[in-house]
Amino acid sequence: MSWRKSSRSGGNGSNCVEVGRAAEEILVRDTKNRTGGTLNFAPGTWQRFLKTN
């Protein structure tokens with residue numbers, strides 16, 4: 001899977017999240033704790049989140 005740094009992440013490295021796509025889910029993780037787990041969203045839920053922020 002490929003991950004990309006969110007465009008909303010801070011530039012100083014202290015507030016960074018990465019976004020990736022798995023089969024039918026959008027995944028979000030903390031770049032400082034990549035093995036600490038992920039938040040999983042259905043694609044439709046993720047799209048609604050992006051439109052409201």
Side-chain angles (χ1 to χ4, degrees):
M1 169 181 324
S2 71
W3 292 88
R4 68 175 184 84
K5 183 178 171 184
S6 169
S7 61
R8 300 264 183 167
S9 291
N12 62 4
S14 63
N15 296 316
C16 297
V17 296
E18 293 177 316
V19 178
R21 183 170 183 126
E24 293 296 322
E25 295 180 303
I26 307 300
L27 308 175
V28 180
R29 69 181 180 184
D30 183 347
T31 58
K32 295 183 303 289
N33 187 10
R34 290 184 172 126
T35 60
T38 60
L39 296 174
N40 302 21
F41 299 93
T45 302
W46 183 249
Q47 287 301 316
R48 285 189 300 279
F49 170 76
L50 293 178
K51 288 179 183 178
T52 61
N53 290 300

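In what follows, every heavy atom counts, from backbone to side chain, and hydrogens, waters and symmetry copies are set aside.
- Residues meeting the side-chain contact (heavy atoms from CB on, under 4.5 Å) test with Ala23, sequence neighbours left out: none.
- Residues satisfying the side-chain contact (heavy atoms from CB on, under 4.5 Å) criterion with Glu25, sequence neighbours excluded, are Leu27, Asn40.
- Nearest heavy-atom pair, Glu24 versus Pro43, reported as atom, atom and distance to 0.1 Å: O-CD, 3.2 Å.
- Put simply, CD on Glu18 and OG1 on Thr31 are 5.5 Å apart, with the number rounded to the nearest 0.5 Å.
- Applying the ring pair (Phe, Tyr, Trp, His ring centres under 6.0 Å) test to residues at least two apart or on different chains, the pairs with a partner in residues 19-41 are Phe41-Trp46.
- In this structure, Asp30 CG and Leu39 CG are separated by 10.0 Å, a value rounded to the nearest 0.5 Å.
- Contact check for Phe49 versus Val28: no side-chain heavy atoms found under the 4.5 Å cut-off.
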